[in-house]
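Worksheet for the structure shown next.
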Amino acid sequence: MTLSICALKGSVVPPRLPDHRSGLVLETHELSRRAGVLKEVSRIAEAPEDLGIEVIGVPPGSPIDLDLRLESVVEGVLVTGTAVVRLQGNCARCLDEISSTDEIDIQELFCYPGKETDDPEALHIEDELIDLEPVLRDAVVLDLPFTPLCRPDCAGLCPECGANLNRNPDHSHAEAIDPRWASLGEWAGPMNEPKNKE
């Protein structure tokens, strides 16, 4: 058992092959490495986990509408097109739930296995399959608003009681009295009363 652990320490872990059952994995066999061959793909895939940022993102399992074009080029397969995703999250000001749809542009070159490129982060075709998940993940996160709002003029929450100022724009509180001066309230009264003449 000790020998097998030592043997594994120096071994290289092979890259994870794309799951061909995923709707985000595309088959390239028909392109057969001939430059200029085109293939169009339209499908609905399920959104993976953690596709977004903390305040807004694509709900896991929600539909992603893909409309793509795969073009065989000398270096690999160029994927261009759009992905329509459903976004869900919370407004950064009033914390209300917000939902919308967004169209994401996709353009990525997937290199053939063994093809050397100057880009160390270049994506490759594995076993004639293209995995769109990392491309989609980068594109969605870059396209998301850093501070999502339910509407551009969202008034937010009352800093004192947390009331939603969008629902009650006339919401207000009496002016707070500084606690250091609260005891002087006992002396409240007209300041310029005329003195009683004897």
Side-chain angles (χ1 to χ4, degrees), residues 12-28 41-70 76-111 117-127 129-173 176:
V12 177
V13 178
R16 179 185 63 87
L17 291 176
D19 183 359
H20 67 277
R21 297 169 296 179
S22 168
L24 295 174
V25 173
L26 308 175
E27 173 69 56
T28 65
V41 176
S42 294
R43 67 169 67 166
I44 295 177
E46 284 190 7
E49 298 280 338
D50 302 322
L51 187 56
I53 56 178
E54 192 173 330
V55 287
I56 191 167
V58 181
S62 64
I64 299 176
D65 192 355
L66 298 171
D67 189 10
L68 306 169
R69 182 173 130 160
L70 281 61
V77 174
L78 179 65
V79 180
T80 56
T82 58
V84 178
V85 297
R86 185 164 63 89
L87 299 178
Q88 193 170 344
N90 296 93
C91 176
R93 290 184 190 162
C94 69
L95 304 181
D96 274 359
E97 282 192 15
I98 52 177
S99 62
S100 63
T101 57
D102 196 9
E103 185 174 278
I104 309 294
D105 290 323
I106 293 174
Q107 182 172 358
E108 190 71 33
L109 175 65
F110 288 82
C111 300
T117 62
D118 296 333
D119 184 4
E121 296 182 2
L123 298 172
H124 287 80
I125 299 169
E126 302 288 345
D127 198 24
L129 298 175
I130 285 175
D131 188 359
L132 276 182
E133 184 176 333
V135 176
L136 185 66
R137 193 174 294 281
D138 290 346
V140 167
V141 170
L142 288 173
D143 205 53
L144 289 175
F146 187 68
T147 53
L149 299 175
C150 59
R151 62 187 201 203
D153 61 341
C154 175
L157 302 175
C158 172
E160 290 189 39
C161 68
N164 190 324
L165 300 178
N166 296 317
R167 299 189 190 112
N168 186 3
D170 297 326
H171 175 82
S172 63
H173 294 273

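With rounding to the nearest 0.5 angstrom, the CG atom of Leu132 is 4.5 Å from the CG atom of Leu26. The CG atom of Leu66 sits 6.0 Å away from the CG atom of Leu24 when rounded to the nearest 0.5 Å. The CG atom of Leu123 sits 8.0 Å away from atom SG of Cys111, with the distance rounded to the nearest 0.5 Å. Residue Leu109 holds its CG atom at 9.0 Å from CD1 of Ile130, rounded to the nearest 0.5 Å. Atom-to-atom distance recorded for Leu87:CG and Thr101:OG1 is 7.5 Å, nearest 0.5 angstrom. A distance of 7.0 Å separates CG in Leu165 from CG in Leu157, rounded to the nearest 0.5 Å.
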Original post:
Between Asp105 and Thr82, does a side-chain contact (heavy atoms from CB on, under 4.5 Å) hold up when you go through it step by step?
Top reply: CA-CA 5 Å; Asp105 290 323; Thr82 58; 3.6 Å; yes

**OP:** Please lay out, stage by stage, how Thr28 and Phe110 fare under the test side-chain contact (heavy atoms from CB on, under 4.5 Å).
**Re:** CA-CA 10 Å; Thr28 65; Phe110 288 82; over 6 Å; no

Original post:
Could you go step by step and tell me if Glu97 and Asn90 meet the side-chain contact (heavy atoms from CB on, under 4.5 Å) rule?
Top reply: CA-CA 4 Å; Glu97 282 192 15; Asn90 296 93; 3.8 Å; yes

**OP:** Applying side-chain contact (heavy atoms from CB on, under 4.5 Å), run through His173 and Cys158 and close with a yes or a no.
**Re:** CA-CA 10 Å; His173 294 273; Cys158 172; 3.4 Å; yes

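Side chains of His171 and Cys161 form a contact here, defined as non-hydrogen atoms less than 4.5 Å apart.
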Which pairs would a plain distance check flag for residues 42-60, meaning a side-chain donor or acceptor within less than 3.5 Å of a matching protein atom at least two apart in sequence or in another chain?
unit_1: Ser42; atom_1: OG; unit_2: Asp67; atom_2: OD1; d: 3.2
unit_1: Arg43; atom_1: NH1; unit_2: Gly23; atom_2: O; d: 3.0
unit_1: Arg43; atom_1: NH1; unit_2: Val25; atom_2: O; d: 3.1

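The salt bridge (charged side-chain N to carboxylate O under 4.0 Å, His left out) pairs that include a residue from residues 136-154 are Glu133-Arg137, Arg151-Asp153, where partners are two or more places apart or lie in different chains.
In plain terms, the two heavy atoms of Leu136 and Ala83 that are nearest each other are CD1-CB, 3.7 Å. Scanning all heavy atoms of the two residues, the minimum distance from Ala155 to Asn166 falls at N-OD1, 2.8 Å. Nearest heavy atoms, Ala139 versus Ile104: CB-CG2, 3.3 Å.
Every side chain to side chain contact (heavy atoms under 4.5 Å, CB included) that Asp96 has, sequence neighbours left out, goes to Cys94, Asn164, Arg167.
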